[in-house]
Amino acid sequence: MSLPIYLIGARGCGKTTVGQALSQATGYAFCDTDHYLQLTTQRSVAQIVAEEGWEGFRARESESLQAVTAPATIIATGGGMVLAEANRRFMRENGQVIWLNASPDILAERLEMQPEAEQRPTLTGRPIVEEMHDVLRERAQLYRQAAHHEVDAMQSPDRVVEQILRSLSLARAS
Ligand SMILES: Nc1ncnc2c1ncn2[C@@H]1O[C@H](COP(=O)(O)OP(=O)(O)O)[C@@H](O)[C@H]1O
Ligand SMILES: O=C(O)C1=C[C@@H](OP(=O)(O)O)[C@@H](O)[C@H](O)C1
Ligand SMILES: [Mg+2]
């Protein structure tokens, strides 16, 4: 059975973009937990947070992780999926977990170019560069704990896909 592949990492590291390319390269299905929530609730992340708070969003996000998990599927998670210990354990136990790692300055640069504010309401109320520094300071250890493999996400999406495929085949060979 082909285990699901979970992509984790901060906002802007490319989980959605790389996930779609990896799906093309492998023939696996593609799912994005934020898109799943948008479809099933007919609301954006910003609307869910406005109506239910971040706590409500996090509960829905954890449910979406379980709902989209299936064999032979690439799953792009939201950047905060790793905050819950149960989600970190679930991903590690049910699939291969890949951390797309990029520096806070690169992440901020990408997010400034493509903010998608309805899907990415502010987490801290601080300017984006400071926010990404704060977020990685808090979460880097959680991404590291959850991941089976870490990949440099500051390369082109095609190179990131290649590196993921290499990590997975090396893992299978060892
Ligand atoms: N490897 C990459 N190199 C350059 N830009 C990228 C890369 N990956 C993603 N991007 C860009 O960064 C932005 C956020 O990408 P996205 O896939 O939505 O990230 P995430 O799902 O991790 O938040 C998009 O504008 C996307 O085109
Ligand atoms: O980092 C976070 O806490 C979040 C990241 C977003 O997803 P992306 O990482 O796909 O941007 C989305 O789930 C939500 O706005 C919360
Ligand atoms: Mg995304």
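Counting starts at 1 for both ligands and their atoms, in listed order. Side-chain atoms are counted along with the backbone in the values below, which use heavy atoms only and exclude waters and symmetry mates.
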Of the protein's non-hydrogen atoms, which lies at the shortest distance from [atom], and what is that distance?
{"atom": "atom 11 (O) of ligand 2", "result": "Arg120 NE, 2.7 Å"}
{"atom": "atom 16 (C) of ligand 2", "result": "Arg11 NH2, 3.6 Å"}
{"atom": "atom 9 (O) of ligand 2", "result": "Lys15 NZ, 2.7 Å"}
{"atom": "atom 10 (O) of ligand 2", "result": "Asp34 OD2, 3.6 Å"}

Flag for Asp32-Thr16: side-chain donor and acceptor within less than 3.5 Å: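 Thr16 vs Asp32: donor-acceptor pair found between side chains.
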Check each atom of ligand 1 against the heavy atoms of [X] and keep those under 4.0 Å away; list them by number with element.
{"X": "Thr17", "result": "9 (C), 15 (O), 16 (P), 17 (O), 26 (C)"}
{"X": "Gln155", "result": "1 (N), 2 (C), 3 (N)"}
{"X": "Arg120", "result": "14 (C), 16 (P), 18 (O), 19 (O), 20 (P), 23 (O)"}

Which atom names give the shortest non-hydrogen contact between [X] and [Y], and what distance separates them?
{"X": "Tyr36", "Y": "Ser64", "result": "CD2-CB, 3.4 Å"}
{"X": "Pro71", "Y": "Pro4", "result": "CA-CD, 4.3 Å"}
{"X": "Ala117", "Y": "Ala46", "result": "O-CB, 4.3 Å"}

[X] contact mode with ligand 2 (heavy-atom cut-off under 4.0 Å):
{"X": "Arg139", "result": "side chain"}
{"X": "Leu123", "result": "side chain"}
{"X": "Arg58", "result": "side chain"}
{"X": "Glu116", "result": "neither"}

Which atoms from ligand 2 have a heavy atom of [X] less than 4.0 Å away?
{"X": "Phe57", "answer": "13 (O)"}
{"X": "Gly80", "answer": "1 (O), 2 (C), 3 (O)"}
{"X": "Gln119", "answer": "12 (C), 14 (C), 15 (O)"}

Nearest candidate to atom 3 (N) of ligand 1, where distance is taken over non-hydrogen atoms, out of Glu109, Gln20, Arg11, Arg110: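 Selected option, by shortest heavy-atom distance: Arg110.
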Ligand 1 contacted by Pro157 (non-hydrogen, < 4.0 Å):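 For ligand 1, residue contact (heavy atoms, under 4.0 Å) with Pro157 is present.
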Thr17 N/O/S atom closer than 2.8 Å to the Mg ion (ligand 3):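 No N, O or S atom of Thr17 is closer than 2.8 Å to the Mg ion (ligand 3), so no.
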Side chains of Gln24 and Val161 in contact at under 4.5 Å (non-hydrogen atoms):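 The answer is no, as the side chains (C-beta and beyond) never meet within the 4.5 Å cut-off.
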Any Leu107 side-chain heavy atom under 4.5 Å of Arg11 side chain: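 Result no, sub-4.5 Å side-chain heavy-atom pair not found.
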Asp152 backbone acceptor or donor facing Gln155 side chain under 3.5 Å: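 Here the side-chain-to-backbone pair exists.
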Within 6.0 Å of CD in Glu85, more than 12 heavy atoms from elsewhere: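 More than 12 heavy atoms, drawn from other residues, nucleotides or ligands, come within 6.0 Å of this atom.
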Presence of salt bridge, Glu52 and Arg43, under 4.0 angstrom: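 A salt bridge is present here (some side-chain N lies under 4.0 Å from a carboxylate O).
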Test of proximity, Val45 against ligand 2: N or O pairs below 3.5 Å: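 By distance alone, the answer is no.
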Under 3.5 Å: N/O of [X] near N/O of ligand 1:
{"X": "Lys15", "result": "yes"}
{"X": "Gly14", "result": "yes"}
{"X": "Gly12", "result": "yes"}

Within reach of ligand 1, part of Ala10 (heavy-atom separation under 4.0 Å):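 Answer for Ala10: backbone.
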